[in-house]
Structures are given as structure tokens and as C-alpha cells.
Amino acid sequence: MMNRPEHPIQTKDSALLRAGTFTSNRGLQIEEGLIFETGRPEVTGVDLDEPAPFQSRLGGLEREAPIGLPGLSEPETVRHYVRLSQKNYSIDTGLFPLGSCTMKHNPRLNEAMARLPGFADIHPLQPQSTVQGALELIGELGRWLMEMTGTAAVAMSPKAGAHGEACGMMAIKAAIAAKGEGATRRIVLVPESAHGTNPASASLIGFEVRPIPAKADGAVDFEQLTARLGPEVAAIMLTNPNTCGLFERQVVEIAEAVHAAGAFLYCDGANFNAIVGKTRPGDLGVDAMHINLHKTFSTPHGGGGPGAGPVVLSERLAPFAPVPFLRADGEELRLVEHTSEAPQSFGRIAAFHGQMGMFVRALSYMASHGAGGLRQASEDAVLNANYIRASLSDLMSQPFGDQPCMHEVLFDDAWLKTTGVMTLDFAKAMIDEGYHPMTIYFPLVAHGAMLIEPTESESKASLDLFIATLRDLALAALGGDAERFIGAPFDAPRRRLDETRAARNPILKWTPPAPR
Ligand SMILES: Cc1ncc(COP(=O)(O)O)c(C=O)c1O
């Protein structure tokens, strides 16, 4: 059977040009239609006997007509999803320099551990006496996180970084309410360079967000920050290292000023991977911080889930941590599930007590590295980013000058100014060279930002090839070869998509073509 969809979705003038072959395939790069185009409602992958006559109990809610789901045979189904999966670029395919995302190698040992039946086959509603080992693992992971961050408590249930931010801000809100200041402390200060989830989380919890500008060196403007502190400020959300790849050197002074003003210091710990084993956020004065296990501790990125974003809390915030949390009752571990046992807890933020599979992977990563190995991973991540910075800084400009960076290096587009090539074009040309682009246009404080995070996973040979590729592209842009960039990628399964149109006018539903 031919793979070509019966109703092609691309038009000649769209960016989705076909390969020009009879099948629309290019070599072994198979063009894949939507499942609605390849499947037929009358086909089924299984043969089931007609059910015996039965009495419906749906009381008139029965479907009156088939809903038109596409049917495929088992081999067709397998091929459809395997082909789709082959279109994904992943860390298992090659270097993935997406800044602020920490696309590091996921060690296979972690996968083997997570598949052990004692972890993989348990259910959150099982009696706790039957899952004591799993609870011990959650407790052990939490202890490591508190030790590494120098904090007093940990909430394990948040499902991702942004969920962790919401959790930390809810603990802060509860602590402020307990002091009787809930009606007055309503403002949260967020640096302009912050990830968009920070202001979103604060406002979701009901705070009013006010920005703090950055200084010429990329750090938070301390004078502006202290000028904004006052009895109406609940907290500041600081990312450290920040999203420009720089360590906030004044973090201790910031913590002291924030505390003196009666507010809390929330740290976005997404970039914790740069400082593990080097410094402890709790020692710097941080009150709450989420940790993206899928970044620092190598659990897979799940495209929105399943993730884990545990939140560590200072002694001041510990009583307000969410349920459930672990408590030892003699020899037995037990989850405290209800606020009746934790009256100051802000409540519950997730149905159960976290993502077991992610916890196993993270602890496996920690245990297999040991304290020295974790410290070295951070050092290598920083070294790799600085190697890229030093190797490209003669061609590409940096918004805050040529200074050492942490785990990621930020370039801007000043160096492209006279070339007719934009950051977007440069990133798309990287696809033709077989690289996933770096993060672009974030953080917003750098014009035409290009944020590169190589992580510690890459060998020197891999970094050298990446650097040589970027140098070749940069020299082409500076040498006037704009054609290599405008309209790129030229060799990918899809040409450049109209991202603005896709965002403004998303087509989220397949509409059957009109009968011919
Ligand atoms: C600095 C920063 N903060 C917060 C987040 C949100 O984390 P998550 O994607 O796990 O929700 C990210 C994610 O990329 C981030 O880079």
C-alpha cells in the first residue's frame, strides 16, 4: 500500500513543500500523513465477536452513530507511530544545545532502576505497609535534596518546575497569612530576565507582579530592588544562576535586604545544575526553591510530563509545606495525607505524592555519581559552556560583555546587524547542519538572544564539531552569504513554518475534506 495520504494537506505555496517524488518521500525519509488521513473508519486492528444481546444501562445516552475514529491494522499503527517518533530530534540523536532546558544524557542505569517491578508496578492507592521500600526511596531522595541545598524541608509532590514555583509561592502566601499580613503583602518582585513561569506562578497564586531591571552586567539591579522593597512586598523570585547564564553575586545581600523588609526569597532553581556541590542555596538565604529533576538530575523531559519539581523550604517555611509528606512512625514510614495532622500546611497541590519513576531515576543518578561526581558534573557543565563562549566570542557578540558564564552562554544579535540575517535565520540554518537550534529570543533582556547550554554530557570532540559548525555559519553570515539562512531549513522534513500564523490561528482539529 502506498503511504501517500489520499488528501494532501500541503499546498504548493505553503512552507510545507513536498519532496517532488511520486510518493512524497525523500530517500528513507517517509512523509507521514495524519492518522485521520491514513486510517479508515471501517478498519479495525482487532477482530472481536459480536457481543451477546444485552440490556443497555445508559438510559438513552447511547451513541447513535460511529464517531469516525480512524481504523488501522496493527502494522499500520506501529509504522505510523514509529515514523512519527523518528521525526523527533532528541538528546539520544545528538547535541541538544537548548539553553535553560539542560538537555543532558539520561543514563540507561536510571531506566533499568525505574523498571524494577518493586518501583514500576506499584500503585499510589496501595496500602502503605506494602510500599515501604518506595516510601524509603522518596525519603532518601528528599534527604539528598535538602543536604545539597542546605534547607530544612522538602515537598516532593509538585510535578514540574512551574508547579514547584506555584507550590513555593503557596507556602510563602500561607506564611504571610499566618503573620497576619495576608491583606497587605501582595506584591512579588520578579527580575526582567526571569522565565515566564515565574510571574505566571506568582499571579496565579494571587500576587501582583512588579519587574526589577537588570544592570549592564546582566545581574539584578540591587539598588532598584531595595528601592522597591516595603511592607507590601511578599517575596522576590530570583533565578540563580540567572537566565543570562550568570551567577547573581549579590544574592546574600539580596537575601538580607529581602528578609529585613519582612519578605521571602524564592529562588528559581532550574539552573541548580551549575552549582550542585559548589554552594548551597539555603546557606545563601533562600527560603524556597524548586528543583527540576528533569534538568539537574537527568530524568527525561516529558513534553509537559511526567516530570518532578520538588520544592525545598527553609525552616521558616517548613510548617507550611503541602501534604502529603513522609513521617516515621517507629519502624514504619507513613504519608501524612491530611491537614488535620499538619494544621499550618497550605494543603494539597497534587493528587498523590509525586512521580515515582522520576524519583527512582534521580536517586539512581545521584547515587551513581556520588557527592564528588555531582560536583564534577556541575564543573563540567560550566567548563563546556565557557569553552563554547571562548571559541565563538571573536565572531558572536555577548550582551553583557565577554565575562565567564555558568552552565550556559548567552549571545545576542548585535554581530548580525549588517548581515541581513536574523537570529531566527541563524537558528534555522543550524537545522540543515544537523543541530537542534539553541534557545532563541530568550531571555528577553538580550536583543535577538541565542542561549546555548551544552551540558556536561558532551565530549570535547562533540563540542569541537559544534563550535566549528557555528563558526562556519557565523563566517558565512558575516561574509554576506545570506541565502544560506533566509528560508532555512532547506533539507529538513519540513521547510520553515509560519510560527506566528500557527500561534495566532492554530488549527487544532482535523476537518474531513469535502467529498469529491
Ligand atoms: C529558569 C526556568 N524556570 C522555570 C522553568 C519551568 O520549569 P518546568 O518546565 O519544569 O515547568 C524553566 C523551564 O525551562 C526554566 O528554564
Side-chain angles (χ1 to χ4, degrees), residues 91 96-104 106 145 155-170 188 190-205 209 212 214 218-220 235-248 251 265-276 281 286 288-312 349-350 354-355 357-359 361-362 381 385 405-410 436-446 449-455:
I91 186 62
F96 208 135
L98 211 49
S100 205
C101 286
T102 319
M103 303 301 290
K104 63 165 77 177
N106 304 149
L145 294 175
M156 299 298 286
S157 55
K159 306 285 190 219
H163 201 208
E165 290 166 23
C167 173
M169 295 312 289
M170 284 165 102
V188 170
V190 181
E192 280 173 350
S193 59
H195 197 262
T197 50
N198 288 195
S201 301
S203 84
L204 186 79
I205 309 308
V209 176
I212 316 169
V220 162
I236 167 173
M237 294 182 88
L238 187 76
T239 308
N240 201 17
N242 66 24
T243 58
C244 305
L246 303 172
F247 190 79
E248 292 286 354
V251 58
L265 175 56
Y266 184 93
C267 180
D268 179 329
N271 299 333
F272 187 45
N273 60 310
I275 55 171
V276 173
V286 166
M289 180 177 98
H290 73 264
I291 301 166
N292 307 58
L293 293 189
H294 50 285
K295 297 186 181 190
T296 303
F297 298 111
S298 85
T299 68
H301 288 238
V311 177
V312 288
I349 192 159
Q355 297 284 13
M358 298 302 130
F359 293 163
R361 288 173 174 90
C405 60
M406 297 297 288
H407 61 299
E408 54 194 352
V409 53
L410 178 62
H436 191 289
M438 69 289 264
T439 291
I440 54 173
Y441 300 112
F442 174 80
L444 302 176
V445 287
M450 306 182 203
L451 186 63
I452 301 177
E453 181 176 8
T455 81

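All residue numbers refer to positions in the sequence shown, counting from 1. Counting starts at 1 for both ligands and their atoms, in listed order.
- Under the 3.5 Å distance criterion, with hydrogens and angles disregarded, no donor-acceptor pair is assigned to the side chains of His195 and Asp268.
- Of the possible polar contacts, none joining the Glu408 side chain to the Leu451 backbone as a donor-acceptor pair under 3.5 Å is found.
- Between the side chains of Asn242 and Glu248, at least one donor-acceptor pair of N or O atoms lies under 3.5 Å.
- Residues lining ligand 1 at a heavy-atom distance below 4.0 Å are given as Ser100, Ala160, Gly161, Ala162, Glu165, His195, Thr197, Asp268, Ala270, Asn292, His294, Lys295, ordered by chain and residue number.
- By the side-chain contact (heavy atoms from CB on, under 4.5 Å) test, Ala162 pairs with Thr197, sequence neighbours left out.
- In summary, the side chains of Glu453 and Asn273 do present a donor paired with an acceptor at a separation below 3.5 Å, with no hydrogens or angles considered.
- Thr299 contributes a side-chain N or O that, together with a main-chain N or O of Leu293, makes up a donor-acceptor pair within less than 3.5 Å.
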